[in-house]
Amino acid sequence: MWRRRLGAFLLRSPPSSSSTAASSCQHRRHHLLPREEPPALNRLARLFTSQAGSDGGNSQKPFIAFVLGGPGSGKGTQCTKIALDFGFAHLSAGDLLRHEIASGSEKGELIVDIIKEGRIVPSEITVELIRKAMEASNANKVLIDGFPRCEENRIAFERIVGREPDIVVFFDCPEDEMVKRLLGRNQGRVDDNIETIKKRLKVFESLNIPVIDYYSSRGKVRKINATGTADEIFEAVCKLFSSLRF
Ligand SMILES: Nc1ncnc2c1ncn2[C@@H]1O[C@H](COP(=O)(O)OP(=O)(O)OP(=O)(O)O)[C@@H](O)[C@H]1O
Ligand SMILES: Nc1ccn([C@H]2C[C@H](O)[C@@H](COP(=O)(O)O)O2)c(=O)n1
Ligand SMILES: [Mg+2]
């Protein structure tokens, strides 16, 4: 029971009612036909065992969108909106890691040191947190925000979950804009300082861009111009998500 409650908190599952905010997507949900829910155990078996994704394209497998972009490109901001308007579970790898830190575990002490240095946490830790959170959510549409950050992350996910994402949304934003946003974020994050931000930008270029290139070569990447206001960017996001078949 506690696991389910914790999972729901971490995943920030969207409310069942649609958003009433002015930024709500104009085209939302028209295309969202209800999908028949398979029995929970079958769904979990497909997700978390080697059978996952090996069923020749079973239409009931969960729809997975990786959401990537540089630090401060607006991944979290846009994922919150997508979750509200399109009924996705929002699973943030960074939030899961910060929650592990807040738990006071030994692993959390290791994680906080890595995050302060702007480096990437070992994949076995992050993928295990994601796996558990996906299991707890039972969602059939999942946004995985800030993952995979490097080839090691990608390979570990594909090995453990047994499949690739359906799409990769890439928020493309200039560095100076990202730096400005991060320095103004004011959420008390240990990595929102100029020294760590510079390191995170380097890590993004050297380790995360190759992952985006990999998925581009597989036709999975949908690039969104992440400049402008959050509402303007969300208009482009809405066009994309309205064109998808979940
Ligand atoms: N389009 C925008 N214009 C200006 N500020 C924005 C925009 N989108 C988001 N922000 C603000 O910029 C900051 C960073 O946004 P957000 O946390 O969504 O980025 P992120 O990509 O998730 O970053 P990180 O990788 O560090 O988690 C936040 O303070 C957010 O409110
Ligand atoms: N797949 C991931 C995601 C995040 N981290 C670490 C390193 C990031 O700088 C930090 C914050 O993540 P964010 O909230 O910006 O998505 O968490 C990681 O190591 N691996
Ligand atoms: Mg974020």
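Counting starts at 1 for both ligands and their atoms, in listed order. This chain uses plain numbering: 1 for the first residue, then up along the sequence. The shown structure was predicted, so the numbers you read here are calculated from the model rather than taken from an experiment.
With ligand atoms numbered from 1 in the order given, ligand 1 contributes 1 (N), 2 (C) to contacts under 4.0 Å with heavy atoms of Ala230. Heavy-atom contacts of Ser73 reach the following atoms of ligand 1: 21 (O) (cutoff under 4.0 Å). Every atom of ligand 2 with a heavy atom of Phe147 under 4.0 Å away is listed here by number and element: 1 (N). Which parts of ligand 1 touch Gly76 is read off a 4.0 Å heavy-atom cut-off, strictly below it: atoms 18 (O), 20 (P), 22 (O).
Residue-level proximity to ligand 1 for Ile233 is carried by the side chain, the only part with a heavy atom below 4.0 angstrom. Only side-chain heavy atoms of Asn153 come within less than 4.0 Å of ligand 2; its backbone N, CA, C and O stay farther off. If you look at Leu182 next to ligand 1, the close heavy atoms, those under 4.0 Å, all belong to the side chain. Neither the backbone nor the side chain of Arg154 comes within contact range of ligand 2; no heavy atom lies under 4.0 Å.
Atom 23 (O) of ligand 1 has Gly72 N, 3.0 Å as its closest protein atom, hydrogens excluded (heavy atom only). Ranking protein heavy atoms by distance to atom 19 (O) of ligand 1, first place goes to Gly74 N, 3.3 Å. Atom 19 (O) of ligand 2 has as its closest protein heavy atom Val121 N, 2.7 Å. With hydrogens left out, the protein atom closest to atom 30 (C) of ligand 1 is Thr77 OG1, 3.7 Å, a heavy atom. Scanning the protein heavy atoms around atom 4 (C) of ligand 1, the nearest turns out to be Arg181 NE, 3.7 Å. Among protein heavy atoms, atom 17 (O) of ligand 2 sits closest to Ile115 CD1, 3.5 Å. Counting only heavy atoms of the protein, atom 7 (C) of ligand 2 lies nearest to Arg119 O, 3.4 Å. Remark: minimum distance from atom 17 (O) of ligand 1 to any protein heavy atom is reached at Arg185 NH1, 2.8 Å.
A donor-acceptor pair under 3.5 Å is formed between the side chain of Glu152 and the backbone N or O of Ser123. No donor-acceptor distance shorter than 3.5 angstrom exists from the side chain of Ser105 to the backbone of Ile101, with no hydrogens or angles considered. Within the 3.5 Å criterion, the main-chain N or O of Lys107 finds no donor-acceptor partner in the side chain of Glu100. Under the 3.5 Å distance criterion, the side-chain polar atoms of Arg181 are matched with a main-chain donor or acceptor of Ser73. Lys75 places a side-chain N or O within 3.5 Å of a backbone atom of Gly69 that can act as its donor or acceptor partner.
When hydrophobic clusters are built by joining Ile, Leu, Val, Met, Phe, Trp and Tyr residues whose side-chain heavy atoms come closer than 4.5 Å, directly or via intermediates, Leu68 is not grouped with Ile197. Leu207 and Phe157 fall into different hydrophobic clusters, defined by Ile, Leu, Val, Met, Phe, Trp and Tyr side-chain heavy atoms under 4.5 Å apart, directly or through other members. When hydrophobic clusters are built by joining Ile, Leu, Val, Met, Phe, Trp and Tyr residues whose side-chain heavy atoms come closer than 4.5 Å, directly or via intermediates, Leu244 is grouped together with Ile224.
Lys223 NZ: 12 or fewer foreign heavy atoms inside a 6.0 Å radius.
Side-chain atoms of Thr196 and Asn193 include a donor-acceptor pair closer than 3.5 Å. For the residue pair Asn225 / Thr227, a side-chain donor-acceptor distance below 3.5 Å is found, with atom types taken as modelled.
If you check each of Ile114, Leu96, Leu97, Ile120 against atom 6 (C) of ligand 2, the one with the closest non-hydrogen atom is Leu97. Of the candidates Arg149, Glu117, Arg200, Arg149 brings a heavy atom nearest to atom 2 (C) of ligand 2. Of the listed options Gly146, Pro148, Gly76, Gly146 places a heavy atom closest to atom 3 (C) of ligand 2. The heavy atom nearest to atom 27 (O) of ligand 1, considering only Arg189, Lys75, Arg200, is found in Arg189.
Aromatic ring pairs are classed by plane angle as parallel below 30°, tilted from 30° to 60° and perpendicular above 60°; the pair Phe86 and Phe246 is perpendicular.
Phe66 has its ring centre no less than 6.0 Å from the ring centre of Phe170.
A pairwise comparison of heavy atoms in Pro71 and Leu182 identifies O-CD1, 3.5 Å as the closest pair. Considering every non-hydrogen atom in both Leu183 and Ile194, the closest pair reads CD2-N, 4.1 Å. Between Ala93 and Thr126, the shortest heavy-atom distance links the atoms CB-CG2, 4.2 Å.
Where the criterion is an N or O separation shorter than 3.5 Å, residue side chain and backbone included, Gly228 meets it with respect to ligand 1. Of the polar atoms of Gly184, none of the N or O atoms is found under 3.5 Å from an N or O of ligand 1, judged by distance alone. By the 3.5 Å distance cut-off applied to N or O atoms, Arg189 is counted among the residues near ligand 2. For ligand 2, the polar-atom distance check against Arg98 finds a nitrogen or oxygen pair separated by under 3.5 Å. No N or O atom of Pro71 sits closer than 3.5 Å to an N or O atom of ligand 1. Taking distance alone, with nitrogen or oxygen atoms compared against 3.5 Å, Ala226 stays at or beyond that limit from ligand 1.
A heavy-atom separation below 4.0 Å is not found between Gly146 and ligand 1.
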